[in-house]
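What follows is a short report on a single structure.
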Amino acid sequence: MPSPILLPIVLLFTLLALLTPHPASAESPHHGIAMHGDLALPADFTALPYVNPAAPKGGTIRQAVTGSFDSLHPHIVKGVPALGMGYVFETLLTRSWDEPFSLYGLLADRVEVADDRSAVTFHIDPKARWHDGTPLTAADVLFSLEAQRQHGTPNRRLFYAKVTAAEAPDPQTVRFAFAPNPDGSIDREMPLLMGLMPIHSKAFWAGRDFSRTTLEPILGSGPYRVASVDPGRRIVYERVRDYWGRDLPVRVGQFNADRLEFDYYRDDSVALEAFKAGQGDVRYEIDPAKWATGYDGPALRDGRIVREELPDHRPEPARGLIFNTRRPQFADVRVRRALGMAPDFDWIGRSLFHGLLTRTASYYPNSELAAQGLPQGEELQALTPFRDRLPPDLFTKPFTLPEAGNGSSNGSGNGPAGLRANRREALRLLEQAGWRVRDGRLTDDAGNRFAFEILLSDPSEERVALEFARSLEPLGIAARVRTVDSAQFQARLERFDFDMTMRWWASTLSPGNEQLYYYGSDAAGQEGSRNLAGIRDPVVDALARSIAATTTRAALVGRVRALDRVLLWGHYMVPLYHSPVDRIARWATLHRPAVTPLYGPMLESWWVDQRAGQ
């Protein structure tokens, strides 16, 4: 029986479902959905291709991590959730990390999709159970949809608003229908997004406030449950011995450790020392300096610690110094381009990152989605309708980053000719935009100096920001670096109260709706969105909106490359660096499968060698 609060919502959904035409589906039930093309795995597959089906169960995997947490609720805006909470909850479908965007049955063992993707039906596995042994039903799915619509993150609220009808024909079946886009097209990604919606127990949340953070363990259905919590310092998960899905093909060979332990440290250098002392079993290293010099010791030399560089083919985060184009001094693209020409990034890469990182020249670096060379094929076809609104050079010149060559970092007369030439070009662009150097200060015609603040939250980012700020001094620009605590930083980002900041955008191999949340005009005015740069460009809007409507992989790649190229020529950030590999250190007692999937190593498929005393 629906609660008094949800009863009107359930009745409304039922009424909408009755009034909404149900598109006929020529599809019979399938074991999954691919965003484009066919699923790679047949209906009778027995395990994912990147796991060891015979991996032994048992032992503990410990991680020494940095930061803190104040919540065990990962599906709302408020709070900082503990790491590992994703192992507690499940979705109707789950990803294969060896395909760009393919989902296979998890809570739902079968799925039907309308030919035009205007509706999807999920058949819930009768075996699906919550950790308390009660069955998981369609009522839980409908509850989860409404909870996410009201209290989920802004991007989830945006996606789920497209659901025009939600109904449960029986306790094991749930069906969703979707509103068309303003142009009448259907968002083809919606069936997959519904498959990835986190499912919560309606009974558990009765009498509880879904919108509030909590340190009470939440009832889940996943392979692990919370065993103990020391708020902000430590969380331990235990494997659910009678986990309902342990024999599913998408679960075989995974979640092998009996316990997962996360110990939090305020300082990453301390976390590294804890790992080296045996208080952690695996560590993902993102700091090139630590990778180059921080692991030396007896355990590494005698083979007890193993370091590996594992290649992947997923898009790396597009990290950069992001301009807030809402600020008048950054509204002109010539100014943004000029500031990106001032630093010697070759020197920064060698000196600060030991030459281990690659300069980022895409919003989808390290992947097939990155624009390269000149536009052609599907990409050119996507760009051509907007030719009169794009820079002519976009069609005739490959986008390239300024190169300074090998020289000093201070940009003085002793620097290489390339760096001096870059700065001369930067001054020319600034003059075109109305800025001139007067008495060593860059000012506009009214005498206002070009000055701004670079807002950071991580002290480790200060080295790059300070080098960038110093590189602007020869241009007469005064840039001040300011590091604030994480709470203040997040609050200022959400209000877009900054001039420039160091952040990133992250994407998968199958970008979709989230691109409008990152770069769309509507998101530019929505506080808390990821459009930090304040991009308001109808061409960006059109390209980002068209991505989710693609029906083939080739069309998707072409349109994403087109969007990438337009963003690059908009100079919305000064690109920094990314790693072309995953750098992982592990104790030799921890083992991984021989195959690394497309998206990189997956820790849930690793296992502990019990013979080594773990």
Side-chain angles (χ1 to χ4, degrees), residues 153-155 157-159 181-182 315-340 360-365 369-371 375 379 382-383 385-391 393-395 399 401 429 433 452-455 490 492-508 511-549 559-576:
T153 57
N155 58 329
R157 294 200 297 268
L158 179 68
F159 302 157
N181 293 319
E316 291 298 319
R319 180 182 291 273
L321 289 158
I322 298 174
F323 297 102
N324 185 356
T325 63
R326 304 170 186 86
R327 298 289 201 252
Q329 69 265 43
F330 294 138
D332 194 313
V333 66
R334 294 169 295 187
V335 170
R336 303 195 297 270
R337 181 184 172 196
L339 269 61
T360 297
S362 169
Y363 283 74
Y364 312 90
L369 302 175
E379 180 189 355
L383 290 169
F386 309 106
R387 185 181 285 268
D388 60 342
R389 286 182 274 177
L390 293 170
D393 286 350
L394 181 148
F395 292 92
F399 179 87
L401 296 171
L429 291 168
F452 66 95
E453 178 184 87
I454 305 173
L455 182 69
Q490 188 61 36
R492 289 186 60 178
L493 284 192
E494 290 178 357
R495 301 194 305 270
F496 308 126
D497 180 20
F498 64 92
D499 301 326
M500 171 181 274
T501 188
M502 188 184 297
R503 296 297 281 171
W504 65 89
W505 287 285
S507 292
T508 70
N513 289 282
E514 78 285 349
Q515 302 303 295
L516 283 168
Y517 186 64
Y518 291 171
Y519 313 119
S521 297
D522 290 343
Q526 179 184 359
E527 289 193 1
S529 83
R530 290 301 307 276
N531 189 348
L532 298 175
I535 301 169
R536 293 181 182 272
D537 182 344
V539 177
V540 169
D541 292 344
L543 290 173
R545 188 175 295 112
S546 74
I547 289 171
R559 294 187 193 184
V560 175
R561 287 179 177 176
L563 175 61
D564 187 30
R565 197 177 298 271
V566 172
L567 291 171
L568 289 169
W569 281 91
H571 296 278
Y572 297 107
M573 70 172 174
V574 179
L576 295 177

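The analysis underlying the following values was restricted to heavy atoms, covering all of them including side chains, and did not include hydrogens, waters or symmetry mates. Start at 1 with the first residue, then count along the sequence.
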Applying side-chain hydrogen bond (donor to acceptor under 3.5 Å, both in side chains), name anything that partners [X], two or more places apart in sequence or on another chain.
X      : result
Ser362 : Asp564
Arg334 : Asp332
Tyr519 : none
Glu379 : Arg565

If only atom types and distance count, is the side chain of [X] paired as donor or acceptor with the main-chain N or O of [Y] below 3.5 Å?
X      : Y      : value
Thr501 : Leu455 : yes
Arg561 : Pro375 : no
Asn324 : Phe496 : yes
Arg336 : Phe330 : yes

Are the side chains of [X] and [Y] in touch, meaning some heavy atoms are under 4.5 Å apart?
X      : Y      : answer
Tyr363 : Leu563 : no
Leu532 : Phe498 : yes
Leu369 : Ser507 : no
Leu576 : Met502 : yes

Response to the item:
Rounded to the nearest 0.5 Å, the CZ atom of Phe159 sits from the OH atom of Tyr517 at a distance of 9.0 Å
Discussion item. Working to the nearest 0.5 angstrom, can you tell me the gap between Leu158 CG and Gln526 CD?
Written reply: 7.0 Å
Do you know the tightest heavy-atom contact between [X] and [Y]?
X      : Y      : result
Ala523 : Leu516 : CB-O, 3.5 Å
Leu401 : Pro575 : CD2-CG, 3.9 Å
Trp504 : Arg319 : CE3-NH2, 3.5 Å
Ala382 : Leu543 : O-CD2, 3.8 Å
Ser546 : Arg559 : O-NH1, 2.9 Å
Pro511 : Val560 : CG-CG2, 4.0 Å

Those residues that, when tested against [X], pass salt bridge (charged side-chain N to carboxylate O under 4.0 Å, His left out) (two or more places apart):
X      : answer
Arg503 : none
Asp497 : Arg327, Arg492, Arg495
Glu514 : none
Asp388 : none

Non-neighbouring partners of [X] that pass side-chain contact (heavy atoms from CB on, under 4.5 Å), sequence neighbours left out:
X      : answer
Leu390 : Leu383, Phe386, Leu394, Phe395, Val539, Val566
Thr508 : Arg95, Ser510, Tyr599
Ala533 : Ile322, Trp505, Asn531, Ile535, Tyr572

Discussion item. Ring-plane angle category for Phe399 and Trp569, please: parallel below 30°, perpendicular beyond 60°, tilted otherwise.
Written reply: perpendicular
Worksheet entry | Pair listing, salt bridge (Lys or Arg N to Asp or Glu O under 4.0 Å) test, anchored in residues 525-543, at least two apart | none
Worksheet item: Any chance CG of Asn181 has more than 12 other-residue heavy atoms, nucleotides or ligands included, within less than 6.0 Å?
Response: yes
